Amino acid sequence: MDLTITVRVCDKCKRQDRDATRYTLTPDEGKPVTRDLCDEDAAPVLEVFGEAVSEASEEKPPAQRKAPAEKAPAKKAVTRRRGRTPIKTLDQIEAEKAAKAKES
């Protein structure tokens, strides 16, 4: 019988005797950064984002979040070109030029 115990510790001070809370900060156009911090080490973050962080943590605990809705099956991808510019090879363009030259 295997038993696994998971303990969340502060990423900064590594103390196991303090409760740690997981914080995720997402900068504009950047990857989200996740850190587990005790109350003491999270004080600077809470000072800047205090009300926003406490409101977000009170909304829904992670265990009670809803599962994402199932997506409809993907439709066949359709590639569309912008505008109505025809695509031609150099040979086709030269043939059209020759035909116009003969007409005039």
Side-chain angles (χ1 to χ4, degrees):
M1 178 173 143
D2 292 335
L3 178 65
T4 304
I5 298 174
T6 304
V7 178
R8 183 179 293 170
V9 296
C10 178
D11 290 339
K12 190 170 182 181
C13 67
K14 309 287 187 208
R15 292 185 56 179
Q16 296 179 6
D17 62 332
R18 296 181 178 176
D19 290 335
T21 303
R22 180 161 289 161
Y23 296 93
T24 303
L25 298 174
T26 307
D28 289 341
E29 301 177 12
K31 290 185 177 180
V33 178
T34 302
R35 297 287 183 261
D36 296 329
L37 300 171
C38 63
D39 291 338
E40 184 178 318
D41 292 326
V45 174
L46 295 173
E47 186 176 321
V48 175
F49 300 103
E51 292 178 15
V53 171
S54 61
E55 289 173 4
S57 63
E58 291 174 5
E59 285 178 8
K60 289 185 182 178
Q64 296 178 357
R65 291 186 180 160
K66 291 183 178 180
E70 291 185 27
K71 295 182 180 178
K75 294 182 180 179
K76 184 178 176 182
V78 177
T79 305
R80 295 185 181 175
R81 294 187 355 233
R82 288 186 155 208
R84 297 287 181 194
T85 306
I87 297 176
K88 299 178 183 179
T89 64
L90 288 174
D91 294 331
Q92 292 171 332
I93 294 171
E94 293 299 326
E96 287 180 8
K97 285 182 183 178
K100 288 182 182 177
K102 286 181 184 179
E103 289 177 6
S104 53

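Just so it is clear, the model here is predicted, and its values are computed rather than measured. We use all heavy atoms of the structure for the numbers below, so side chains are in, but hydrogens, waters and symmetry mates are not.
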Original post:
Please walk me through it: do L46 and Y23 pass side chain to side chain contact (heavy atoms under 4.5 Å, CB included)?
Top reply: CA-CA 10 Å; L46 295 173; Y23 296 93; 3.9 Å; yes
Kindly compute the distance separating [atom1] ([X]) from [atom2] ([Y]), expressed to the nearest 0.5 Å.
X   : Y   : atom1 : atom2 : answer
D41 : R18 : CG    : CZ    : 6.5 Å
C10 : E40 : SG    : CD    : 8.5 Å
T21 : R8  : OG1   : CZ    : 7.5 Å
T24 : R35 : OG1   : CZ    : 10.0 Å
K14 : K12 : NZ    : NZ    : 11.5 Å
T89 : E94 : OG1   : CD    : 9.5 Å

**OP:** Step through the shown structure and confirm whether more than 12 heavy atoms of other residues, nucleotides or ligands are within 6.0 Å of CG on D28.
**Re:**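 No, because the 6.0 Å sphere around CG of D28 holds 12 heavy atoms or fewer from other groups.
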Original post:
Do other residues, nucleotides or ligands put more than 12 heavy atoms under 6.0 Å from L90 CG?
Top reply: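 12 or below, so no.
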**OP:** Look at the side chain of D11 and the backbone N and O of D36, then say whether any donor-acceptor pair between them is shorter than 3.5 Å.
**Re:**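 Yes.
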Original post:
Same hydrophobic cluster for L37 and V7, using side-chain heavy-atom links shorter than 4.5 Å among ILVMFWY?
Top reply: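 L37 and V7: separate clusters.
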